[in-house]
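Positions are given from 1, in the same order as the sequence printed here. Side chains are part of it too, since the values below use all heavy atoms of this structure and drop only hydrogens, waters and symmetry mates.
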Amino acid sequence: MPEFDLQFTLVLVTNGLMIGLMYALIALGFVLVYKATDAINFAQGEFVMFAAFIAAAGAYVADLPFWACALLAVLCMAAFGFGLERVVLRPLIGRPVVAVIMATIGVAALLRGFATLVFGAGTRAIVMPVSDDPIFLGPVMLPPVQLVSAGVSLAFLAGFTWFFLRTRMGVAMRAVADSQQVAMAMGINVPRYFALAWAMAGMVSALGGVVWGAMLGVDNQLALVGLKVFPVVILGGLDSIAGAVVGGLIVGIVENFAAGYFDPIVGGGTKDFAPYVLMILVLMIRPEGMFGRRRIERV
């Protein structure tokens with residue numbers, strides 16, 4: 001193992017925290033859908049990819065500025081999430097959860113194929129209006145695109161937290177997540193909040209697609225970010241927004257430490273599976289995740 005270097009470690013931790021915030025933003029989409037429907041959206045990565053393609057197309061085809069491309073992606077994905085719930089998922093209400101999961105897997109395959117058909121297989125760029133010159137915070141050098149992306153992720157995570165804690169609609173969504181039957185008895189329109197959860201998941205995916213697309217470029221492989229976020233939601237808890245944030249930060253730091261200290265020894269690759277090793281260890285100790293709610297059911 002390379003010798004411990006404080007400055008190098010600070011760089012790894014800082015980069016890990018910024019990447020972790022970007023992971024947490026996408027993980028929030030998983031949490032929103034799971035809290036409302038008890039199902040995991042296996043198309044979350046494809047949502048991110050498709051939103052990034054929409055933003056990139058806005059820049060290439062219509063020559064829109066960055067903020068307009070981001071807004072276009074958010075509006076399109078919110079409408080797509082709402083329509084998906086109405087057309088595909090609402091008829092599955094009352095069916096086993098596995099039916100919803102299989103539907104999301106089918107949607108993922110359709111989005112991946114449709115994106116290739118419409119946008120092509122090449123890599124496109126989303127250009128943020130920021131300088132290419134690195135920013136120095138003491139001994140730490142930060143790429144401006146990564147710093148802005150982390151800032152945007154943090155701002156929207158704070159905004160969604162405020163929405164759930166302080167607004168009437170947010171409280172109603174939390175009530176639906178706690179118990180659909182009780183929420184219906186209290187007069188809450190549960191199907192409407194199902195649709196809202198999917199629309200918000202689409203919005204979160206759009207934001208994630210814009211920030212990740214600006215950092216990595218936009219192609220079909222961007223959908224793999226959804227798979228990398230699975231350890232985040234499992235680690236933090238599928239039904240916890242705070243868990244998504246903490247899990248994202250932990251996974252980001254673990255990835256960077258693996259890349260910085262272990263990849264040089266084994267020749268690379270440890271950063272890709274280290275989060276999954278951590279996820280398995282957490283599942284062995286606390287299956288519901290660090291912040292997940294433990295459910296006790298009578299048989």
Side-chain angles (χ1 to χ4, degrees), residues 18-30 32-33 41 43-85 107-108 110-135 142-160 163 196 198-226 228-229 248:
M18 290 191 295
I19 294 295
L21 287 172
M22 296 165 65
Y23 280 150
L25 183 62
I26 299 177
L28 182 61
F30 281 103
L32 287 171
V33 171
N41 178 18
Q44 186 70 17
E46 280 70 19
F47 277 27
V48 172
M49 173 205 68
F50 199 69
F53 270 121
I54 292 173
Y60 276 83
V61 177
D63 198 24
L64 297 176
F66 173 78
W67 66 268
C69 293
L71 180 61
L72 175 66
V74 169
L75 293 177
C76 288
M77 291 307 297
F80 176 77
F82 184 81
L84 177 68
E85 193 278 336
V107 169
L110 286 173
L111 284 178
R112 191 182 287 265
F114 184 74
T116 303
L117 182 66
V118 174
F119 301 108
T123 301
R124 300 173 182 266
I126 297 176
V127 181
M128 278 190 181
V130 296
S131 172
D132 293 330
D133 298 328
I135 298 172
L142 302 175
V145 170
Q146 192 170 318
L147 186 61
V148 172
S149 298
V152 169
S153 300
L154 181 61
F156 278 97
L157 284 168
F160 278 110
F163 171 81
L196 179 61
W198 279 96
M200 291 180 68
M203 294 170 63
V204 169
S205 302
L207 295 169
V210 170
V211 297
W212 278 101
M215 206 172 77
L216 301 178
V218 182
D219 56 22
N220 283 348
Q221 298 305 308
L222 192 62
L224 296 178
V225 174
K228 298 188 75 173
V229 172

Would you say the side chain of Q221 lies within less than 4.5 Å of the side chain of M49, judging by non-hydrogen atoms?
no

In the structure I gave you, are the side-chain heavy atoms of L32 and W198 within less than 4.5 Å of one another anywhere?
no

Heavy-atom nearest pair, A70 first then V210, reads CA-CG2, 4.0 Å

Kindly indicate whether the side chain of V127, heavy atoms from C-beta on, has any atom under 4.5 Å from the side chain of F66.
no

For residues A73 and A55, report the shortest heavy-atom separation together with the two atoms involved.
CB-CB, 4.2 Å

Pairs under 3.5 angstrom only: tabulate donor-acceptor contacts from the side chains of residues 201-209 to other protein residues two or more places apart or in another chain.
{"residue": "S205", "atom": "OG", "partner": "Q44", "partner atom": "NE2", "Å": "2.9"}
{"residue": "S205", "atom": "OG", "partner": "A201", "partner atom": "O", "Å": "2.8"}

Pairs meeting criterion side chain to side chain donor-acceptor pair (under 3.5 Å) with involvement of residues 120-129, two or more places apart:
T123-D219

Pairs in or reaching into residues 53-82: which pass side chain to side chain donor-acceptor pair (under 3.5 Å), with residues at least two apart or in two chains?
none

Does L110 have any side chain to side chain contact (heavy atoms under 4.5 Å, CB included) partners at least two apart in sequence or in another chain, and if so, which?
none

Among pairs that include at least one residue of residues 110-122, which meet side chain to side chain donor-acceptor pair (under 3.5 Å), considering only residues two or more places apart or in two chains?
E46-R112, T116-N220

Can you list everything that forms a side chain to side chain contact (heavy atoms under 4.5 Å, CB included) with A155? Sequence neighbours excluded, please.
none

Taking only residues two or more places apart in sequence or in another chain, which ones pass side chain to side chain contact (heavy atoms under 4.5 Å, CB included) with L147?
M18, I135, L142

If you take all heavy atoms of V145 and A214, which pair is closest and at what distance?
CG1-O, 4.0 Å

To check you understand the geometry: which heavy-atom pair defines the closest contact between V148 and M128, and what is its length?
CG1-SD, 3.9 Å

Minimal heavy-atom distance between G213 and V218, with the atoms involved, is CA-CG2, 3.9 Å

Give, for atom CE of M215 and atom CG of L222, the distance between the pair rounded to the nearest 0.5 Å.
10.0 Å

Under a 4.5 Å cut-off applied to non-hydrogen side-chain atoms, are F119 and F114 in contact?
no

My understanding is that only one of I26, L28, I19, L21 makes a side-chain contact (heavy atoms from CB on, under 4.5 Å) with S153; could you say which?
L21

Residues forming a ring-ring contact (aromatic ring centres under 6.0 Å, His included) with W212, sequence neighbours excluded:
Y23

F30 to N41 - nearest heavy-atom pair and separation:
CE2-O, 3.2 Å

Residues forming a side chain to side chain contact (heavy atoms under 4.5 Å, CB included) with V107, sequence neighbours excluded:
A43, F47, F80, L84, L111

